Amino acid sequence: MNTLFLDIRDPLQNTDAVNTAAAFIKAGEVVAMPTETVYGLAANAFDSSAVHKIFAAKGRPQDNPLIVHIAFVQELFDLAACVPAAALRLAEKFWPGPLTIILPKKDCVPDAVSGGLSTVAVRMPSHPGANALIRAAGVPLAAPSANISGFPSPTDVRHVMDDMDGRIAAVCDGGNCEFGVESTVLTLATDVPRLLRPGSVTLEQLREVLGEVQVDDAVLNPLQVGQIASSPGMKYRHYAPKAKITVVKGTAEEFYKFIEKYAKKNDFALCFEEDVPHIALQCVTFGQADDPFSQTHRLFDALRELDEKKAKTVWARDPDPQGVGLAVCNRLYRAAGFSFAKNSITVGITGITGAGKSTLTKLFAQKGFAVVDADEIARSVTKKGSPVLVQLADVFGEDILLADGTLDRRKLGARAFADAESTKKLNEITHPAILERIRTAVLDLQKDGKNSVLDVPLLFETGLDTLCDHTVYITADREIRLDRLLRRDGLSVQEIEKRMQARSDEAYFTERSDFVLVNNGTDALETLFEELYTEITKQ
């Protein structure tokens, strides 16, 4: 596709360019448009086939909802099934501007726009070029950021061309974006208004209008397993350059000392302007420490600059999360994949049943590592009378309970691992409670500066690997594992086979793990462990 470049920096003077872009949209095509936040990929929000072209251009997962952009407040009533007074108060205060409001949607909003959710996200941009294009097109425009999915959002038209030239019909140049990070996203489709993505409209400003506003846990943490992204920008790794970024928490002085002690000469520092004289690395800056608006304006450009400089390893200064700084932290943490430097080591262990995972965990414990055992936590959440145990009995039968009301684990296992659908039901019931306790336990240990080891069968599937500095996959040949399980657990061959089949293919784990141990007994596991421990502590 030949991508047409159109100048709409002054839409009143460049009406032909605006009308040309609008004609593409009316024809079901995608164009890049400027907004006051970042550049967006715009298509007719009522045209599912046009919206699918957005996903194709971005390489974006189609379960990620899009924001619908309007030019008049009245258009909100065309999209939302109900518009509460709170939404109108917010619109009066912040529209046009960088605030997105989520409401229950009307049937006219395609599932392709809502990500299959029952809600629609709407905002009215203040950029004159965006406003003119929406009016000329005559329809609301669905528009995520105009970048390859997962990469930093573009605030400059040249970055849009870098990512989208040849992928879409046209790119509209509207100059540099005013704010530099995407809009604040607030949902009113919950009992209490909830901030899903921070932006230039701050939490404090929202509370001035609405009173109580909750902050979603995913603002500064990864989405939990099974949690649906109800807003753009909630996926685990987002806004990311190709470089590996690690956020260094602490004061400026602690940041300088960390760089001096641990950074290598070819590493980069992502820092504030005033930090540069104190750091003996190549520095890329994202604003000033005491000016969060300078940080929002500069952050995405800085992330792209790291790629231009071919940075491999980057140590990032941790911003202050107050006010607009919350938006900076949100974008930076996701760009880093929630990788933080700290005064402890967290090792995640996973492995095929019978490979020796528990033994390896004990060897770490002998080195002083605190053990977080997923099986122990699973037993604690299914104790007698617990809500999780009640749910399990409802789904898998009351007879999974023994006479004293405790869980018959063997009977539950036989049913839960009988087929993939049953295993899925088991995970849906138990995982949220287990994951919450595991995450809390690990974070508490990290805050205390204590080394820890996670023994988690579903380490990668649950996203708990994001808490780990190192991940280890332990495996063994099938016959060796089968023999161990027959002697250890007293299960039948058929029961063991079902449990083995419930796991992902081995390649899934080896591709994701930092270390792979083959525990066939040819080398003592203790010897393999000492080699592993030496490498981990050296790193």
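Since this is a predicted model, take the numbers as computed values, not measurements.
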Novice: Is it true that Asp275 and Arg317 make a salt bridge, defined as a side-chain N closer than 4.0 Å to a carboxylate O?
Specialist: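 Salt bridge: yes.
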Novice: Look at the side chain of Glu273 and the backbone N and O of Thr285, then say whether any donor-acceptor pair between them is shorter than 3.5 Å.
Specialist: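 Such a contact is absent between Glu273 side chain and Thr285 backbone.
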Novice: Hey, could you give me the SG/CG distance between Cys468 and Asp465, rounded to the nearest 0.5 Å?
Specialist: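 If we round to the nearest 0.5 Å, Cys468:SG and Asp465:CG are 6.5 Å apart.
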Novice: Quick one: do Val347 and Leu454 satisfy side chain to side chain contact (heavy atoms under 4.5 Å, CB included)? Show the steps, please.
Specialist: CA-CA 6 Å; Val347 179; Leu454 279 70; over 6 Å; no
Novice: Can you establish whether the number of heavy atoms outside Lys249 located under 6.0 Å from its atom NZ is more than 12?
Specialist: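 It does: Lys249 NZ has more than 12 such atoms within range.
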Novice: Can you check whether Leu445 reaches Ser344 side chain to side chain, under 4.5 Å on heavy atoms?
Specialist: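 Contact flag for Leu445/Ser344 side chains = no.
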Novice: Are the side chains of Phe364 and Val371 in contact, using a 4.5 Å heavy-atom criterion?
Specialist: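 Not touching, per the 4.5 Å side-chain cut-off.
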Novice: Using modelled atom types only, decide if a donor and an acceptor are shared between the side chain of Ser145 and the backbone of Asn147 within a distance under 3.5 Å.
Specialist: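 No; judged by distance alone, with no hydrogens or angles, the pair does not exist.
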Novice: So, applying ring pair (Phe, Tyr, Trp, His ring centres under 6.0 Å) with Phe258, which one of Tyr262, Tyr256, Phe255 is it?
Specialist: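 Checked Tyr262, Tyr256, Phe255 against Phe258; only one passes ring pair (Phe, Tyr, Trp, His ring centres under 6.0 Å): Tyr262.
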Novice: Should the ring pair Tyr508 and Phe460 be called parallel, tilted or perpendicular, given that the plane angle runs from 0 to 90° and is split at 30 and 60?
Specialist: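 Perpendicular: the ring planes of Tyr508 and Phe460 meet at over 60°.
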Novice: Does Ser513 reach the main-chain N or O of Val516 with its side chain, forming a donor-acceptor pair under 3.5 Å?
Specialist: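 No, the answer is negative, given that no donor and acceptor are paired below the 3.5 Å cut-off.
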Novice: Tell me, with the steps shown, if Ser339 and Lys244 meet side chain to side chain donor-acceptor pair (under 3.5 Å).
Specialist: CA-CA 9 Å; Ser339 175; Lys244 168 62 177 175; 3.3 Å; yes
Novice: Is there a side-chain contact between Thr350 and Val456, using heavy atoms and a 4.5 Å cut-off?
Specialist: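 They are not in contact (no side-chain heavy atoms under 4.5 Å apart), so the answer is no.
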Novice: Would a 4.5 Å heavy-atom cut-off, applied to side chains only, mark Leu532 and Val472 as touching?
Specialist: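 Yes, their side chains come closer than 4.5 Å.
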Novice: Side chains of Thr37 and Arg123: is there a donor and an acceptor less than 3.5 Å apart?
Specialist: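 There is such a pair between these side chains.
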Novice: Within the 3.5 Å criterion, strictly below it, is a donor on Ser183 or Arg197 matched to an acceptor on the partner's side chain?
Specialist: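 Side chains of Ser183 and Arg197: pair found under 3.5 Å.
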Novice: Got a second to check how far His278's NE2 is from Lys257's NZ, nearest 0.5 Å?
Specialist: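 Atom-to-atom, His278:NE2 and Lys257:NZ are 13.0 Å apart.
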Novice: Got a donor-acceptor contact below 3.5 angstrom from the Asn221 side chain to the Asp217 backbone?
Specialist: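 Side chain of Asn221 to backbone of Asp217, a donor-acceptor pair under 3.5 Å: yes, one is there.
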Novice: How about Glu260: does its CD atom have over 12 heavy atoms from other parts shown lying under 6.0 Å from it?
Specialist: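 Check fails, neighbour count at 12 or below.
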Novice: Please examine the side chains of Leu196 and Leu186, heavy atoms only from C-beta on, and report whether any two atoms are closer than 4.5 Å.
Specialist: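 The answer is no; the side chains never approach within 4.5 Å.
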Novice: When you measure from the centre of the six-membered ring of Phe268, is the NZ or CZ of Lys309 closer than 6.0 Å and no more than 45° off the axis?
Specialist: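 Verdict for Phe268: no cation-pi partner in Lys309.
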Novice: Can you spot which of Leu66, Val68, Ile101 makes a side-chain contact (heavy atoms from CB on, under 4.5 Å) with Val120?
Specialist: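 The option that passes is Val68.
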Novice: At their closest point, which heavy atom of Ile279 faces which heavy atom of Ala269, and how far apart are they?
Specialist: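 That would be CG2-CB, 4.0 Å.
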Novice: Can you confirm whether Lys93 is buried at NZ, in the sense that more than 12 heavy atoms of other residues, nucleotides or ligands lie under 6.0 Å from that atom?
Specialist: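 No, the 6.0 Å shell around NZ holds no more than 12 heavy atoms from other groups.
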Novice: Would the Tyr333 and Phe340 ring centres measure less than 6.0 Å apart?
Specialist: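 Under 6.0 Å, so yes.
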Novice: Using atom types as modelled and distance alone, determine if a side-chain donor or acceptor of Arg167 lies under 3.5 Å from a backbone N or O of Asp163.
Specialist: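 A pair under 3.5 Å: yes.
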Novice: Taking atom types as modelled, is there a side-chain donor on Ser126 or Asn131 under 3.5 Å from an acceptor on the other?
Specialist: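 No, Asn131 and Ser126 have no side-chain donor paired with an acceptor closer than 3.5 Å.
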Novice: Provide the closest heavy-atom pair for Met1 versus Glu29 in the form atom of the first, atom of the second, distance.
Specialist: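 Met1 and Glu29 have their closest heavy atoms at CE-OE1, 3.9 Å.
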Novice: Looking at every heavy atom in both Trp95 and Val122, which two are closest together, and how far apart are they?
Specialist: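 In terms of heavy atoms, the two residues are closest at CZ2-O, 3.4 Å.
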Novice: Checking Asp307 side chain against Lys242 main chain: does a donor-acceptor pair fall under 3.5 Å?
Specialist: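 Checking the backbone N and O of Lys242 against the side chain of Asp307, a donor-acceptor pair under 3.5 Å is found.
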Novice: Which atom names give the shortest non-hydrogen contact between Ile102 and Ala121, and what distance separates them?
Specialist: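 In terms of heavy atoms, the two residues are closest at CG1-CB, 3.8 Å.
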Novice: Looking at Ser294 and Asp291, would you say the former's side chain and the latter's main chain have a donor-acceptor pair under 3.5 Å?
Specialist: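 Yes.
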Novice: Are the side chains of Phe272 and Gln295 in touch, meaning some heavy atoms are under 4.5 Å apart?
Specialist: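 Side chain of Phe272 against side chain of Gln295, heavy atoms only: contact under 4.5 Å found.
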Novice: Hey, is the main chain of Ala50 close enough, under 3.5 Å, to the side chain of Asp47 for a donor-acceptor pair?
Specialist: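 Yes, because the side chain of Asp47 sits within donor-acceptor range (under 3.5 Å) of the backbone of Ala50.
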Novice: For the pair Asn451 (side chain) and Ile345 (backbone), establish whether a donor and an acceptor sit closer than 3.5 Å, ignoring hydrogens and angles.
Specialist: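 Confirmed, Asn451 side chain pairs with Ile345 backbone.
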Novice: Less than 4.5 Å apart, side chain to side chain, heavy atoms only: is that true for Lys357 and Pro457?
Specialist: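 Contact flag for Lys357/Pro457 side chains = yes.
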Novice: Between Glu305 and Arg298, is there a salt bridge with N-O shorter than 4.0 Å?
Specialist: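 Yes.
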Novice: On a heavy-atom basis, which atom in Ser48 and which in Pro110 lie closest, and how many Å separate them?
Specialist: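 Minimum heavy-atom contact is OG-CB, 3.2 Å.
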Novice: Apply the test side chain to side chain contact (heavy atoms under 4.5 Å, CB included) to residues Thr471 and Leu459: give CA-CA distance (whole Å), side-chain angles for both, the deciding distance (0.1 Å), then the verdict.
Specialist: CA-CA 9 Å; Thr471 55; Leu459 181 68; 3.9 Å; yes
Novice: If we only count heavy atoms from C-beta on, is the Val31 to Ile168 side-chain gap below 4.5 Å?
Specialist: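 The answer is no; the side chains never approach within 4.5 Å.
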Novice: Distance-only, no hydrogens or angles: does the Thr296 side chain make a donor-acceptor pair with backbone N or O of Val181 under 3.5 Å?
Specialist: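 Looks like no, no N/O pair under 3.5 Å.
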Novice: Between Phe286 and Phe300, is the ring centre distance below 6.0 Å?
Specialist: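 Ring centres of Phe300 and Phe286 not closer than 6.0 Å.
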Novice: For Leu299 and Thr155, what are the C-alpha separation, side-chain angles and deciding distance, and is it a side chain to side chain contact (heavy atoms under 4.5 Å, CB included)?
Specialist: CA-CA 10 Å; Leu299 179 61; Thr155 59; over 6 Å; no
Novice: Where is the tightest heavy-atom contact between Ala189 and Thr187, given as atom of each residue plus distance?
Specialist: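 For Ala189 versus Thr187, the nearest heavy atoms are N-OG1, 3.0 Å.
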Novice: Check the pair Trp315, Leu270 against side chain to side chain contact (heavy atoms under 4.5 Å, CB included), reporting the backbone distance first and the verdict last.
Specialist: CA-CA 6 Å; Trp315 305 102; Leu270 180 62; over 6 Å; no
